[in-house]
Amino acid sequence: METTHMTIGGRVAAVVDTFPVENPADAEVFAAAPAATVEQVDAAVTAARTAHPRWAALPIDGRRAHLRKCGAALSAAADEIAALLTREQGKPLVKARAEVELSATWFSDTAGQDLAVEDLGDAGAEIRLQHKPYGVVAAITPWNYPIILAVCKLAPALLAGNTVVLKPSPETPLSSLLMTEVLCEVLPSGVLNVVSGAGPVGRALVEHAGVDKVSFTGSVQTGLAIAASTAQRLQRPTLELGGNDAAIVLPDAPVAEIAERLFWAAFENSGQYCTAVKRVYAHRVVYSDLVDALRAQAEQVVVGDGMDPTTQLGPLVSAHQLDRVAALVEQAVAGGGQVVAGGRRLDRPGHFYAPTIVAGAEPDSRLVQEEQFGPVLPILPFDTVEEAVTQANSTTFGLGGSAWGESDRATEVAAELECGTAWINTHGDLRHGVPFGGYRQSGAGVEYGTLGLLEYTRPRVTHVRRV
Ligand code: NAD
């Protein structure tokens with residue numbers, strides 16, 4: 001069994017302790033990952049602090065050149081990183097490769113961004129506004145898209161002149177460890193460091209006095225803990241948290257045309273993504289047709305090992321996640337919901353659950369109110385649009401939402417959704433230049449675009465009185 005390594009201060013760090021990494025497609029442990037000690041977390045922060053002054057002093061064009069090299073290095077290593085990603089996370093290899101390639105492009109797109117100095121002066125004073133880096137950024141990531149969600153943090157943080165300590169999820173540490181090794185070959189020592197391990201390693205990093213800014217993607221529960229901890233130092237973390245996105249399908253929606261799009265907006269990555277459609281409210285006029293169309297989609301999708309080129313959906317990431325999803329379906333059915341497709345574990349090794357459509361679950365069932373994060377979609381009928389909007393806005397989340405229909409009504413309904421992104425006739429389309437963030441318990445702050453880049457900076461004003 002292979003043991004992998006952390007990179008701290010540009011060097012391979014000693015392996016003191018390890019934890020097992022499992023392949024969710026067969027539930028077999030296939031590698032050991034290093035479990036960082038408190039001393040190693042400290043060493044990583046110290047390395048990042050030491051590297052910071054020189055990195056921040058580089059002209060932005062110098063940092064841009066490094067980011068482009070990062071993109072090229074990632075692209076060159078895409079096959080190797082993607083294979084590890086599929087083995088530890090379960091997603092189809094073609095999707096893993098696409099994630100790595102998107103991450104490579106993210107570096108080059110970020111290199112094209114600017115942090116211009118703004119002139120705010122007048123006749124009496126020369127006033128400049130600069131966007132300065134914080135210093136050391138802790139980037140803490142989840143297991144569903146470990147590569148792109150890390151790069152969404154690394155690229156803007158580095159461009160802005162920060163140095164970084166990355167802490168990947170213990171479910172999927174291997175691809176991030178390899179990615180960091182690859183990136184460290186083209187970055188100055190200490191500019192990027194990685195520590196792997198479970199929650200306590202993340203907590204040690206967040207609580208470290210040498211960390212100036214935390215950027216976190218993960219669950220609401222952990223996000224709340226990080227917000228409480230960083231508040232002690234009056235730091236404002238960037239938090240991208242869970243979602244329970246609703247899709248409202250209006251009476252004039254062309255069901256046959258949208259069903260496949262809607263299906264994949266819910267089931268991509270086996271439903272394990274933050275802006276997946278997690279509940280559908282369909283007007284009673286289109287409800288039965290939509291249930292039938294989604295059932296047909298669910299029944300024809302190919303579920304299997306991500307290494308099999310015919311696989312469209314892989315397993316869930318862990319036994320824990322599978323048990324949770326199965327329990328939510330059982331509860332919804334006990335409350336009157338009807339399984340029209342799937343609703344069962346697959347009889348094979350690994351953490352597989354059949355793509356599942358549940359019709360008519362109770363609006364206050366856990367499957368509807370919580371984030372299932374699995375290949376299960378509840379669909380509920382509604383009679384009035386007001387009722388659907390009220391239901392859509394009825395959870396503690398506010399990440400994304402969508403309205404589907406041909407008339408302007410879809411635009412009006414989307415405008416009433418209380419969330420960071422409202423889509424019309426599509427869902428979950430995220431782009432480099434477009435800010436993304438959640439309302440309510442789905443997050444604080446934004447990522448992507450100019451606003452996302454500014455999250456890694458603090459304003460610095462220089463004011464000179466003209467003589
Ligand atoms: P998680 O919160 O359990 O873990 C995320 C990361 O935080 C892991 O690296 C974990 O080790 C670390 N961590 C755990 N406890 C910590 C602590 N006290 N201090 C610091 N770090 C700690 O989340 P997960 O289960 O890995 O990911 C799934 C969740 O992520 C879902 O809720 C999903 O919606 C959310 N997510 C959100 C977005 C978004 O952009 N909004 C994107 C992807 C996933």
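All ligand and atom numbering here is 1-based and tracks the order in the structure.
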Considering residues at least two apart in sequence or located in another chain, which fulfil the side-chain contact (heavy atoms from CB on, under 4.5 Å) criterion with R64? I60, D61, R68, A111, D114, L159
Could you tell me the residue and atom name of the protein heavy atom closest to atom 43 (C) of ligand 1, and the distance to it rounded to 0.1 Å? N144 ND2, 3.2 Å
Parallel, tilted or perpendicular: rings of W423 and H427 (30°, 60°): tilted
Please state which part of L241 comes within less than 4.0 Å of ligand 1, counting heavy atoms only: side chain, backbone, both or neither. backbone
Between S442 and ligand 1, which residue portion shows a heavy-atom distance shorter than 4.0 Å: side chain, backbone, both, or neither? neither
Given that the side chain starts at C-beta and the backbone is N, CA, C, O, which of these parts of Y273 lies under 4.0 Å from ligand 1, counting heavy atoms, or is it both or neither? neither
Please determine if R279 forms a cation-pi arrangement with Y281, meaning its NZ or CZ atom is less than 6.0 Å from the six-membered ring centre and no more than 45° off the ring axis. no
Would you call the rings of Y448 and F436 parallel, tilted or perpendicular, where under 30° means parallel and over 60° means perpendicular? parallel
Below 4.0 Å, non-hydrogen atoms only: which portion of E447 touches ligand 1? Side chain, backbone, both or neither. neither
Can you tell me if S270 uses its side chain to pair, donor with acceptor, with the backbone of G314 under 3.5 Å? yes
Among F373, Y448, F397, the residue with a heavy atom nearest to atom 33 (C) of ligand 1 is F373
When you look for heavy atoms under 4.0 Å from ligand 1, do you find them on the side chain of F216, its backbone, both, or neither? side chain
Taking 4.0 Å as the limit for heavy-atom contacts, which would you say applies to L149 with ligand 1: side chain only, backbone only, both, or neither? side chain
